[in-house]
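I have placed the structure first, in the form of structure tokens, so that the comments after it can refer back to it.
Within every chain, numbering begins at 1; the chains are lettered A, B, ... in the order of the sequence lines, protein sequences first and strands thereafter.
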Protein chains: 2
Amino acid sequence: MNDKNVRIKDIAQLAGVSVGTVDRVLHNRGKVSPETLEKIMGVLKKKGYKPNLLARTLGSNKKFFIAALIPDPTLDEYWAHSNAGITEAQEEWSHYNIKVGTFYFNLYDKASFAKLAAKVFDSRPDAILASPIFHQEAMLFFKLCSKNNIPYIFFNSNVPEVEPLCFIGQDFYQSGRLGAELLDLSTKASGTFAILHIYEDIHNAIHLAQKEKGFIDYFLEKNNQGFKAISLDYSHPQEPSLEKELLALLTDPKMKGLLVTTSKGLFITASFLEKHGRKDIRLVGYDLLRENIEYLKKGVIDFLIHQNPKRQTALGISYLANYMLFKKTIPNTDLFPLEIITRQNLKTFNI
Amino acid sequence: MNDKNVRIKDIAQLAGVSVGTVDRVLHNRGKVSPETLEKIMGVLKKKGYKPNLLARTLGSNKKFFIAALIPDPTLDEYWAHSNAGITEAQEEWSHYNIKVGTFYFNLYDKASFAKLAAKVFDSRPDAILASPIFHQEAMLFFKLCSKNNIPYIFFNSNVPEVEPLCFIGQDFYQSGRLGAELLDLSTKASGTFAILHIYEDIHNAIHLAQKEKGFIDYFLEKNNQGFKAISLDYSHPQEPSLEKELLALLTDPKMKGLLVTTSKGLFITASFLEKHGRKDIRLVGYDLLRENIEYLKKGVIDFLIHQNPKRQTALGISYLANYMLFKKTIPNTDLFPLEIITRQNLKTFNI
DNA sequence: GCAAGCCATGTGTGCGCAAACATCACGAAT
DNA sequence: ATTCGTGATGTTTGCGCACACATGGCTTGC
């Protein structure tokens, strides 16, 4: 085969037409007779034409604007990581005429989501990356985007009803199973295991339910071996009452381990366990937040499951850029590996 | 600030010179008077000029050739993954005038490495990605490359003496510590733990030593709690003798867990444990090879540590491409996270 | 029968840059 | 004084493509 790249010019020459006609074929701009169309298509396929993407983006002097709609990173450490991923990707794609604008809503305030969504719409973005944590509000907004042909990718949580271009996140069911397994492996004895939902807001109820199902299923499969799994909800935790309830929970001498589904609930539980000196109870939870890391190092938390929020958003921007710039097809869903963090591999994740 | 990108033309205009002069400054091509140089530098800094990398690579119609020197992927599943990463990256960068040529040497044959290295050199590559598993031979060859100003990146193993542009791999010491920790966590009792080196060839002796040190150190820190760590070498394993030796090892009733440092040694050990029904001994090892995955699923292996060979090579190519194309600075070393694989998160790594 | 319209196709320009090429002034050598 | 070299600078071309624009023939309608 010929080593040189085939250009539009070459195709035109081989088909006996001008570059303009080839261009029309490549972009479906019509006004091409069926015969020449067929001829050009033939040559195109035969020579395996691949557009030079550099020249393409250079030539079409388009600017793209991506709006990122995420919770305020200053209010929550987890979202700060998401935000960092956006910043990183922004940097990376700035060369390609891609600009990213961030819109931060209040994690605890549905109304602020709706308000910001309106702002996003007003900014006339070419695409949107969002964490649609308020289901109803998100559904409304992204239906509107759909109508206006604005593509969007979701990360962290999904709203499948509005069919995003892609969902980037984790398999929560499997995540619950993993949590269960880690407790199981690190105890190697039958007993009672609990999954705790400690949250201040309801927006991630769906995740929690899925995690719970995975957790329960895992132990159900071991049912005949004396394992018992229980699930407990602590919404809107006021410190004193929560502590009393947790204490009640731990009166069960068979209690072997806890999986805490929310990252903040985790370090609350950890502090509790530490305070009461319950070293015999294994503790597993989510996310590399500062306090969780501290408790992991101390040995109060045994395993952390990492969601890689930074990579989620960076990939989201990257996908959108590729989609718009290069018409790349992107996967319908991209579920990240469930990464297990312990004391010994923590630093290798250099957070 | 002005929204528009500043171009060379703009800089030239502001400095009252022509684009040619600015170009000379940007590329250190000399022939610029000190005054104009200073003036241009000033404008450059003031306007924060950033070259349009698309236009740059388009304009300088350079082709780059990267040679990848790795063990024959058909002889070993681990290296097949490395090779897959190269293929993937090749695809990704083909648009940017970057071509990758692969050179496969025999993993068990130093001479073939030297021979292939010569071929690599003859191909006059602009850069090299290599796994320098034969220390001496690699040292010789890359000294030559160094003299000829051919940049190179190492992955998997390192030869720091020849100062590669970057080393991509894992922290083997920490990896040994992690292996120890996983055994420790999944037994929660004092006893004897062994690190086993089972290998057919000596080339990765350095890794093994580092892993061993980490392993031993971990348990040393627990010494007062009745932990004991031993290390055993089984080079050139002939199945019968190896089995006998392993059997001898397991007569110690206190034996709680094994860390096997080589991926092939791992499934040999697993088959042995399975055969003798030693379910009480925890087994930890390396790499997502087909057989290891089987034993993980069966529960014979408890944890696998993933080295992500595919991502190592893909990143290596990516680094070299960025280095040559965009003059991007790349890190001196990039140590990958130590990823822990269990039955429950295995599928989320979609190997 | 001739202008208007339209379809199929060809041509030109610019994206931002690298690099070859051109100019020009000034001083040294003949 | 004329030539030549050289350092400093300006000008042009082309990379491969998108897209606006131009052309030219052929069909309509009156």
Side-chain angles (χ1 to χ4, degrees), chain A residues 2-41 43-44 47-64 94-98 126 324-327, chain B residues 2-41 43-44 47-64 94-98 126 324-327:
Chain A
N2 202 335
D3 191 44
K4 296 193 67 65
N5 279 335
V6 278
R7 302 156 300 170
I8 286 184
K9 201 198 250 180
D10 302 320
I11 299 294
Q13 203 163 13
L14 287 167
V17 296
S18 76
V19 292
T21 308
V22 176
D23 180 74
R24 256 159 241 129
V25 172
L26 287 173
H27 294 82
N28 284 322
R29 299 198 222 268
K31 317 262 183 185
V32 178
S33 76
E35 311 92 66
T36 54
L37 181 120
E38 197 174 344
K39 199 190 327 179
I40 292 175
M41 289 292 250
V43 179
L44 238 31
K47 302 303 282 186
Y49 171 75
K50 281 188 146 195
N52 180 323
L53 300 178
L54 298 186
R56 171 168 289 184
T57 59
L58 221 217
S60 89
N61 204 20
K62 271 183 201 151
K63 313 272 181 196
F64 292 102
S94 62
H95 311 305
Y96 296 81
N97 287 340
I98 290 204
D126 300 291
M324 295 189 294
L325 238 37
F326 306 140
K327 312 283 177 220
Chain B
N2 202 333
D3 190 42
K4 296 193 68 62
N5 279 335
V6 278
R7 302 155 300 170
I8 287 185
K9 200 197 251 182
D10 301 322
I11 299 295
Q13 202 162 14
L14 287 167
V17 297
S18 74
V19 292
T21 308
V22 177
D23 181 74
R24 255 161 241 128
V25 172
L26 286 173
H27 294 81
N28 283 323
R29 300 197 222 269
K31 318 262 182 182
V32 177
S33 75
E35 310 92 66
T36 55
L37 181 118
E38 197 173 346
K39 197 189 329 177
I40 292 176
M41 291 291 251
V43 179
L44 240 29
K47 303 301 283 185
Y49 171 75
K50 280 188 145 195
N52 180 323
L53 300 178
L54 297 186
R56 171 168 289 183
T57 60
L58 221 216
S60 88
N61 205 20
K62 270 183 201 151
K63 313 272 179 196
F64 292 103
S94 63
H95 313 305
Y96 297 81
N97 287 340
I98 289 203
D126 300 291
M324 295 188 295
L325 239 36
F326 307 139
K327 312 280 177 226

DNA chain D: first to last nucleotide in contact with chain A (atom under 4.0 angstrom from a heavy atom), 5' to 3', is D:dG16 to D:dC19
Practice task
Would you mind reporting whether A:Arg7 and A:Asn52 have side-chain heavy atoms less than 4.5 Å apart?
Solution key: no
Between B:Ser33 and A:Val19, whichever has its closest DNA chain D nucleotide further toward 5' is B:Ser33
Taken to the nearest whole Å, NZ/B:Lys31 to C1'/C:dT23 is 14 Å
A:Lys9 NZ to C:dT11 P, in whole Å, measures 12 Å
Below 4.0 Å: OP1/OP2 of C:dA18 and any side-chain N or O of B:His27: yes
(Q) Is the phosphate of C:dT9 approached by A:Thr36 (side-chain N or O, under 4.0 Å from OP1 or OP2)? (A) yes
In whole angstroms, the gap separating P of C:dA8 from CZ of A:Arg24 amounts to 10 Å
Would you indicate whether the side-chain heavy atoms of A:Leu325 and A:Leu53 approach each other to under 4.5 Å? no
Rounded to whole Å, CG of A:Leu37 lies from C1' of C:dT9 at a distance of 13 Å
Do the side chains of A:Lys47 and A:Ile11 get nearer than 4.5 Å, heavy atoms only?
yes
Atom CG of B:Asp10 and atom C1' of C:dC17 are separated, to the nearest Å, by 13 Å
Worksheet entry | Backbone N/O of A:Val17 and side chain of A:Thr21: donor-acceptor pair under 3.5 Å | no
pair B:Met324-B:Asp126: side-chain heavy atoms closer than 4.5 Å | yes
When rounded to whole Å, the NZ to P distance for the pair B:Lys50 and C:dC17 reads 13 Å
A:Asn97 CG to C:dC17 C1', in whole Å, measures 14 Å
Interatomic distance, OG@B:Ser18 vs CZ@B:Arg24, rounded to 0.5 Å, equals 6.0 Å
When rounded to whole Å, the CD1 to P distance for the pair A:Ile8 and C:dG12 reads 17 Å
Numerically ordered, the residues 51-62 of chain A set in heavy-atom contact under 4.0 Å with DNA chain C is A:Leu58, A:Gly59, A:Asn61
- request: Could you please spell out the steps behind the side chain to side chain contact (heavy atoms under 4.5 Å, CB included) verdict for B:Val43 and B:Asp10?
  value: CA-CA 10 Å; B:Val43 179; B:Asp10 301 322; over 6 Å; no
Exercise. Flag the pair A:Thr57 / A:Asn97 as yes when at least one side-chain heavy-atom distance between them is below 4.5 Å, and no otherwise.
Key: no
Result for 5'-nearest mapping on DNA chain D, choosing between A:Asp23 and B:Thr21, is B:Thr21
* So, do A:Val25 and A:Met41 sit near enough that their side-chain heavy atoms are less than 4.5 Å apart? -> yes
